[in-house]
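Input: a single structure, listed below in structure tokens.
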Amino acid sequence: SPLTLVIAGRAGWLFEPIFKEAARLGLGQSVRFFANASDDDLLALYAHAHAFVCPSLYEGFGIPPLEAMACGRPVVGSAVGGITFTIADGETGYLVPPRDPEALADRLRFLLIHRDMCRLMGGRARARIEEEFTWVRAARNTTALYRQVLGAQEIESHAVSTACGGGS
């Protein structure tokens with residue numbers, strides 16, 4: 001069956017220029033748009049995808065790539081922001097330079113041709129989520145950060161106290 005590019009998200013108004021360009025190029029049958037997709041819509045799309053693409057110019061943390069990885073899909077994304085931590089390049093997907101459609105297409109083409117590698121990376125993506133991005137892991141990391149900050153404040157407070165003649 002022919003491949004279909006699915007463009008989905010919650011900010012449907014952003015899709016208008018892409019929709020117009022796809023129509024201009026005669027790609028109407030190969031591109032589907034899901035504007036203002038619900039969580040259930042996105043979950044179903046992740047579950048049926050071969051791979052997830054995140055060609056963002058900025059990603060603070062990047063929840064959609066995490067969601068796709070949790071569904072066992074490799075991610076091809078721009079090497080920007082938090083996504084550089086999310087994707088283990090060459091293991092759970094690929095990082096490509098931002099604004100480089102040729103590199104993006106090359107990595108996607110590779111995954112489509114090498115379906116076994118695509119499935120392997122998808123399994124690794126799911127495992128990475130289960131290991132690195134759980135609520136327990138987030139709580140532990142947050143606790144460790146608070147301890148580090150509080151410990152630094154305690155040292156600083158002691159140094160100020162000592163400098164002012166309050167220490168022994």
Side-chain angles (χ1 to χ4, degrees), residues 1-138 140-141:
S1 69
L3 291 173
T4 301
L5 173 64
V6 176
I7 299 174
R10 293 186 175 95
W13 59 272
L14 291 172
F15 295 172
E16 189 63 30
I18 301 168
F19 180 77
K20 286 180 180 176
E21 184 66 9
R24 186 186 72 75
L25 295 170
L27 299 174
Q29 300 301 319
S30 300
V31 180
R32 301 227 15 232
F33 291 88
F34 287 86
N36 303 312
S38 70
D39 289 341
D40 289 340
D41 293 336
L42 293 173
L43 180 60
L45 291 169
Y46 296 143
H48 288 94
H50 291 288
F52 180 80
V53 183
C54 189
S56 298
L57 298 178
Y58 172 78
E59 275 298 330
F61 186 66
I63 297 299
L66 290 172
E67 292 171 339
M69 290 171 66
C71 291
R73 300 300 172 252
V75 176
V76 178
S78 299
V80 295
I83 202 166
T84 60
F85 174 74
T86 303
I87 298 172
D89 190 37
E91 294 179 33
T92 64
Y94 294 108
L95 293 169
V96 297
R99 298 182 195 265
D100 190 342
E102 290 82 15
L104 185 72
D106 179 64
R107 295 292 80 202
L108 284 173
R109 188 173 17 261
F110 178 85
L111 290 174
L112 291 172
I113 292 169
H114 299 94
R115 297 288 174 96
D116 289 342
M117 179 59 80
C118 187
R119 283 188 288 278
L120 178 64
M121 285 184 156
R124 289 176 183 162
R126 173 67 189 196
R128 182 166 170 80
I129 291 296
E130 291 174 354
E131 184 178 315
E132 297 290 331
F133 297 98
T134 65
W135 286 113
V136 170
R137 179 65 157 237
R140 285 183 183 149
N141 289 346

Are the side chain of R73 and the backbone N or O of G122 linked by a donor-acceptor pair below 3.5 Å?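 No, the answer is negative, given that no donor and acceptor are paired below the 3.5 Å cut-off.
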Between D41 (side chain only) and S38 (backbone N and O only), is there a donor and an acceptor less than 3.5 Å apart?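 The answer is yes, because a donor-acceptor pair under 3.5 Å joins these two groups.
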Would you compute the distance between atom [atom1] of [X] and atom [atom2] of [Y] and round it to the nearest 0.5 angstrom?
{"X": "D100", "Y": "D106", "atom1": "CG", "atom2": "CG", "result": "9.5 Å"}
{"X": "C118", "Y": "F110", "atom1": "SG", "atom2": "CZ", "result": "10.0 Å"}
{"X": "F52", "Y": "L111", "atom1": "CZ", "atom2": "CG", "result": "13.5 Å"}
{"X": "I113", "Y": "L108", "atom1": "CD1", "atom2": "CG", "result": "11.0 Å"}

Should [X] and [Y] count as side-chain neighbours, where that means a heavy-atom distance under 4.5 Å?
{"X": "I18", "Y": "F33", "result": "yes"}
{"X": "V80", "Y": "L57", "result": "no"}
{"X": "Y46", "Y": "P64", "result": "yes"}
{"X": "S56", "Y": "I83", "result": "no"}
{"X": "T92", "Y": "V75", "result": "no"}
{"X": "Y94", "Y": "M121", "result": "yes"}
{"X": "C71", "Y": "L43", "result": "yes"}
{"X": "R107", "Y": "V53", "result": "no"}

Atom [atom1] of [X] with >12 non-hydrogen neighbours under 6.0 angstrom:
{"X": "F19", "atom1": "CZ", "result": "no"}
{"X": "R10", "atom1": "CZ", "result": "yes"}
{"X": "R137", "atom1": "CZ", "result": "yes"}

Contact summary for [X] and [Y], nearest pair of heavy atoms:
{"X": "G9", "Y": "L42", "result": "N-CD2, 4.4 Å"}
{"X": "I129", "Y": "A70", "result": "CG1-N, 3.7 Å"}
{"X": "A79", "Y": "T84", "result": "C-CG2, 3.5 Å"}
{"X": "V6", "Y": "F34", "result": "CG1-CD1, 3.6 Å"}
{"X": "R115", "Y": "L112", "result": "NE-O, 2.8 Å"}

Start with the C-alpha distance between L3 and H50, add both sets of side-chain angles, then the distance that settles side-chain contact (heavy atoms from CB on, under 4.5 Å), and finish with yes or no. CA-CA 10 Å; L3 291 173; H50 291 288; 4.2 Å; yes
Can the positive tip of R128 be found less than 6.0 Å from the middle of the six-membered ring of F85, inside 45° of the ring normal?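 Yes, a cation-pi geometry.
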Considering residues at least two apart in sequence or located in another chain, which fulfil the salt bridge (Lys or Arg N to Asp or Glu O under 4.0 Å) criterion with R109?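 Counting only residues at least two positions away or on another chain, R109 forms no salt bridge (Lys or Arg N to Asp or Glu O under 4.0 Å).
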